[in-house]
Novice: 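Could you have a look at this structure, given as structure tokens, before my questions?
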Amino acid sequence: MAEKDEQKVSWLKAISSHIGDETPDIIYDDIVARDNHEAPDVDLFVSGAPCPPFSSAGKRKGLSDERGWLILVSVKYAVQKRPPIFVLENVRRLASKKHVEILKKIKEILKICGYKVHCELMNTQQHSIPQHRPRLYLVAILKAYH
């Protein structure tokens, strides 16, 4: 887990203690500096990289925005640690003409690494999530787990 805001970090730690989690989540303040070889293995890796670099509400700079690179940090973790399931969630504009090459490359890399990749645009409200907006979901499952 990555979070820089100290108030949010204290909330995350409080939540861990209240659910009886004896080993609280590791919270990285700089996810880019994380050594993936030292990071814990997980069975399910879910990433919601910052959306503004790809969003119509943001500046749409993609990888020219330093926050845009965080999507690749998530892919790097999946490639190095090989969690059985990797879920990447972002705005629908990631699949737009302007950014589709980034999405294609991510899918290609994951396939080369042995993942079966599914990518779909879904309206979260249709799945009982209290937001009415389309989101892009990429789900990658290691072929060994199919």
Side-chain angles (χ1 to χ4, degrees), residues 1-9 11-13 15-16 19 21 23-146:
M1 186 175 315
E3 183 56 63
K4 290 183 178 187
D5 183 298
E6 289 185 33
Q7 185 176 12
K8 291 177 185 170
V9 170
W11 274 99
L12 292 168
K13 288 180 179 178
I15 291 167
S16 288
I19 60 173
D21 196 354
T23 57
D25 295 326
I26 298 170
I27 302 171
Y28 298 95
D29 63 348
D30 184 357
I31 201 71
V32 176
R34 175 184 64 196
D35 179 353
N36 287 335
H37 299 292
E38 301 279 327
D41 293 322
V42 297
D43 293 326
L44 170 65
F45 179 55
V46 179
S47 176
C51 301
F54 309 105
S55 171
S56 59
K59 294 184 179 178
R60 298 183 294 270
K61 289 183 168 184
L63 298 180
S64 296
D65 180 328
E66 68 179 26
R67 296 169 298 176
W69 280 93
L70 293 176
I71 200 166
L72 301 180
V73 170
S74 297
V75 174
K76 181 179 176 184
Y77 177 89
V79 166
Q80 289 181 325
K81 298 300 273 190
R82 302 286 174 99
I85 303 171
F86 170 43
V87 178
L88 180 67
E89 176 269 340
N90 211 280
V91 295
R92 67 179 170 184
R93 295 276 181 194
L94 183 57
S96 71
K97 185 177 178 181
K98 180 170 180 133
H99 303 297
V100 73
E101 289 304 315
I102 298 166
L103 183 59
K104 282 182 184 178
K105 188 55 90 174
I106 289 170
K107 290 162 54 174
E108 179 183 323
I109 290 167
L110 291 169
K111 287 177 183 177
I112 289 168
C113 291
Y115 284 93
K116 185 171 182 181
V117 180
H118 308 275
C119 196
E120 189 170 330
L121 185 65
M122 295 189 287
N123 187 333
T124 53
Q125 190 176 41
Q126 294 172 330
H127 300 279
S128 301
I129 298 172
Q131 296 177 337
H132 180 62
R133 61 183 178 179
R135 305 297 286 178
L136 182 78
Y137 290 90
L138 180 146
V139 177
I141 302 171
L142 274 176
K143 290 179 183 173
Y145 292 89
H146 268 245

Novice: Any chance you could measure L138, atom CG, to N90, atom CG, to the nearest 0.5 Å?
Specialist: 10.5 Å
Novice: Are any of the side-chain heavy atoms of V91 and R135 separated by less than 4.5 Å?
Specialist: yes
Novice: For residues I85 and V46, determine if any side-chain heavy atom of one lies less than 4.5 Å from a side-chain heavy atom of the other.
Specialist: no
Novice: With rounding to the nearest 0.5 Å, note down the distance linking NZ in K104 to CD1 in I106.
Specialist: 13.0 Å
Novice: To the nearest 0.5 angstrom, please state how far the SG atom of C51 sits from the CD atom of E89.
Specialist: 5.5 Å
Novice: Measure the CG-CZ distance between L103 and R93 for me, rounded to the nearest 0.5 Å.
Specialist: 14.5 Å
Novice: Just so I know, are the side chains of F54 and L136 near enough to count as touching, which here means a heavy-atom distance under 4.5 Å?
Specialist: no
Novice: Do Y77 and F45 have ring centres separated by under 6.0 Å?
Specialist: yes
Novice: Can you establish whether the number of heavy atoms outside Q125 located under 6.0 Å from its atom CD is more than 12?
Specialist: yes
Novice: Taking everything shown except K105 itself, do over 12 heavy atoms lie less than 6.0 Å from its NZ?
Specialist: no
Novice: For residues R92 and P134, report the shortest heavy-atom separation together with the two atoms involved.
Specialist: NH1-CG, 3.4 Å
Novice: Can you measure from OG (S47) to CD1 (I71) and round to the nearest 0.5 angstrom?
Specialist: 7.0 Å
Novice: Nearest 0.5 Å, please: how far is CG in L110 from CD1 in I141?
Specialist: 12.0 Å
Novice: Any side-chain heavy-atom pair from Y137 and T124 closer than 4.5 angstrom?
Specialist: yes
Novice: On a heavy-atom basis, which atom in P84 and which in Y115 lie closest, and how many Å separate them?
Specialist: O-CE2, 4.1 Å
Novice: Could you tell me whether the side chain of K81 and the main chain of N36 form a donor-acceptor pair under 3.5 Å?
Specialist: yes
Novice: Which heavy atom in I31 sits nearest to a heavy atom in V73, and how many Å separate them?
Specialist: O-CG1, 3.9 Å
